[in-house]
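So the structure is just underneath, and the comments pick up after that.
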Amino acid sequence: MVTLYEKAYAKLNLTLDVLGKRADGYHDLCSVMQTVSLWDDVEIDVGTGKPWCLKCDAPGVPCDERNLAWKAVKAFFEELNRDPDGLEIRITKRIPSQAGMAGGSADAAAVLRALNRHWGEPLTLEALADLGSRIGSDVPFCVVGGTCMCEGRGELLRRLPDMPDCIFVVCKPEFPISTPALFRKIDSVAIHEHPDNRAMEMALAAGDLEKVAQNVFNVFDPVVSAEHPELDAIKSVMREYGALACQMTGSGSATFAMVDEPLSAVAISGLLKKEYQEVFVCKPV
């Protein structure tokens, strides 16, 4: 038996635009995504000689074939036409659930990377990301990581210049967001403002953090904030204590502040922790 270890990094959406609904029921998206230094720990025992097993320390997370990490294992070994001779996955969660931070997708991507490395990298990174697209829309980006433009339903990736050095403070309110319900909502309302992804790309190329901050925008944010004014209260605290930008990530409900000073991060996180259990300070990865 061999034990594999891999970090599963969370993501933030610096921009997120919904371009329309596709014939297959998915939506075409255009988003600049960034991995950050908040991660789940993923351990995989291969060659256990026992039936497959998945364990997770977070309540409510499915520990069977519904889990994206389980689906990733199945997809990988089907692709290689190989039998691992028994397997156990253990996930230690830190990324909050139903937050828009790709926690389940990050776990699946970590499984793919770890298994591919253990078996001598039979799949290129591009092929591994393509395999991830069969598991979930955010999995391809989570396989690649860094700073990327993500299009289609998430499977079309293009690397961008690295995010300038900064600090993110992420706050996850207690209320969850249903992603399918939010997409139905966005289909029924007019989107009056869209992110300028070209301007964001130019800001990243210039390494200009202030311009990056000026172009942070998520079309879901106004829709969710209208129903949950709590998000505006969180962003108000963030702005008051030095956030260059603050925005909900993905389909929510986690909201992040982008700051350039450690003292601002300390102040924002300290105040938010008085009201919220899930507050994280992290950096671009």
Side-chain angles (χ1 to χ4, degrees), residues 6-19 22 24 26-40 42 67-69 71-72 75-76 79 91 94-117 123-163 168 170 177 179 182-183 195 197-198 200-201 204-205 212 215-220 247-252 254 256 258 280 282-285:
E6 189 76 10
K7 290 180 177 179
Y9 290 104
K11 65 87 176 167
L12 296 176
N13 296 83
L14 302 181
T15 69
L16 177 54
D17 200 3
V18 179
L19 305 181
R22 299 153 45 124
D24 60 7
Y26 289 97
H27 288 75
D28 275 319
L29 308 176
C30 187
S31 176
V32 177
M33 295 189 188
Q34 176 66 52
T35 43
V36 294
S37 59
L38 172 63
W39 67 85
D40 295 342
V42 177
N67 192 293
L68 294 184
K71 292 180 180 181
F76 182 82
E79 183 72 13
I91 301 174
R94 297 185 187 86
I95 305 171
S97 299
Q98 294 183 301
M101 300 184 73
S105 297
D107 296 339
V111 165
L112 292 176
R113 288 195 304 269
L115 293 175
N116 196 52
R117 185 174 62 247
L123 300 178
T124 64
L125 190 64
E126 182 179 16
L128 205 63
D130 182 64
L131 183 61
S133 70
R134 306 175 207 172
I135 301 161
S137 296
D138 285 333
V139 178
F141 169 71
C142 291
V143 166
V144 174
T147 312
C148 287
M149 182 75 77
C150 305
E151 298 180 89
R153 62 180 184 87
E155 80 282 11
L156 304 175
L157 304 179
R158 178 165 54 87
R159 282 195 179 275
L160 297 178
D162 291 343
M163 177 76 187
F168 294 107
V170 184
I177 299 293
T179 300
L182 185 55
F183 271 104
N197 282 301
R198 176 60 181 158
M200 175 62 81
E201 189 170 347
L204 289 166
V212 169
N215 286 286
V216 167
F217 189 72
N218 176 355
V219 295
F220 286 129
Q247 187 71 56
M248 190 183 77
T249 182
S251 57
F256 67 89
M258 180 190 300
F280 311 92
C282 49
K283 301 197 74 175
V285 174

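For the numbers below, each heavy atom of this structure counts, side chains included, while hydrogens, waters and symmetry mates do not.
- Looking at Phe168 and Met258, their side chains come closer than 4.5 Å, going by heavy atoms from C-beta outward.
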### Task
Carefully, step by step, assess Leu128 and Arg113 under the rule side-chain contact (heavy atoms from CB on, under 4.5 Å).
CA-CA 8 Å; Leu128 205 63; Arg113 288 195 304 269; 4.2 Å; yes
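- The only option from Val36, Thr147, Leu12, Val32 that meets the side-chain contact (heavy atoms from CB on, under 4.5 Å) definition with Met163 turns out to be Thr147.
- Judged by distance alone, the side chain of Asp40 and the main-chain N or O of Ile95 form a donor-acceptor pair under 3.5 Å.
- Of the inter-residue distances, the one linking Phe280 atom CZ with Arg94 atom CZ reads 10.5 Å to the nearest 0.5 angstrom.
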### Message
Run Met200 and Leu160 through side-chain contact (heavy atoms from CB on, under 4.5 Å) and show every step you take.
### Response
CA-CA 10 Å; Met200 175 62 81; Leu160 297 178; 5.9 Å; no
### Query
Taking it one step at a time, do Val111 and Phe76 satisfy side-chain contact (heavy atoms from CB on, under 4.5 Å)?
CA-CA 9 Å; Val111 165; Phe76 182 82; over 6 Å; no
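- Looking at Ser31, its side chain never comes within 3.5 Å of a backbone N or O of Cys150 through a donor-acceptor pair.
- The shortest non-hydrogen separation linking Ala110 to Lys7 is CB-O, 3.9 Å.
- A distance of 8.0 Å separates OG in Ser37 from OH in Tyr9, rounded to the nearest 0.5 Å.
- Under a 3.5 Å cut-off, the side chain of Ser137 and the backbone N or O of Gly154 do not form any donor-acceptor pair.
- Of all the heavy atoms in Ala106 and Ala8, the pair that sits closest is O-CB, 3.3 Å.
- Atom CZ of Arg158 and atom CD of Glu151 lie 6.5 Å apart (nearest 0.5 Å).
- No side-chain donor-acceptor contact under 3.5 Å links Asp107 to the backbone of Ala69.
- Between Gly136 and Pro140, the shortest heavy-atom contact is O-CD, 3.3 Å.
- Scanning both residues, Ser251 and Thr179, for their nearest heavy atoms gives OG-OG1, 2.8 Å.
- Using a 4.5 Å cut-off on side-chain heavy atoms (C-beta onward), Phe217 and Asn215 make no contact.
- The two residues Leu16 and Pro195 come nearest to each other via the heavy atoms O-CG, 3.8 Å.
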### Query
Checking side-chain contact (heavy atoms from CB on, under 4.5 Å) for the pair Leu38/Val170: CA distance, chi angles, key distance, verdict?
CA-CA 10 Å; Leu38 172 63; Val170 184; 5.8 Å; no
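- The closest donor-acceptor contact from the side chain of Thr35 to the backbone of Val285 lies under 3.5 Å.
- Formation of a donor-acceptor pair under 3.5 Å by the Asp28 side chain with backbone atoms of Leu19 is not found in this model.
- Of the N and O atoms on the side chains of Thr249 and Asn13, at least one donor lies less than 3.5 Å from an acceptor on the other residue.
- No side-chain donor-acceptor contact under 3.5 Å links Lys11 to the backbone of Gly103.
- Atom-to-atom distance recorded for Gln247:CD and Thr15:OG1 is 9.5 Å, nearest 0.5 angstrom.
- Residue Arg22 holds its CZ atom at 6.5 Å from CZ of Arg153, rounded to the nearest 0.5 Å.
- Residue Ala108 comes nearest to Val139 through the heavy atom pair CB-CG2, 4.2 Å, listed as atom of the first residue, atom of the second, then distance.
- Summarising the geometry, atom CG belonging to Asn116 is positioned 10.5 Å from atom CD belonging to Glu79; distances are rounded to the nearest 0.5 Å.
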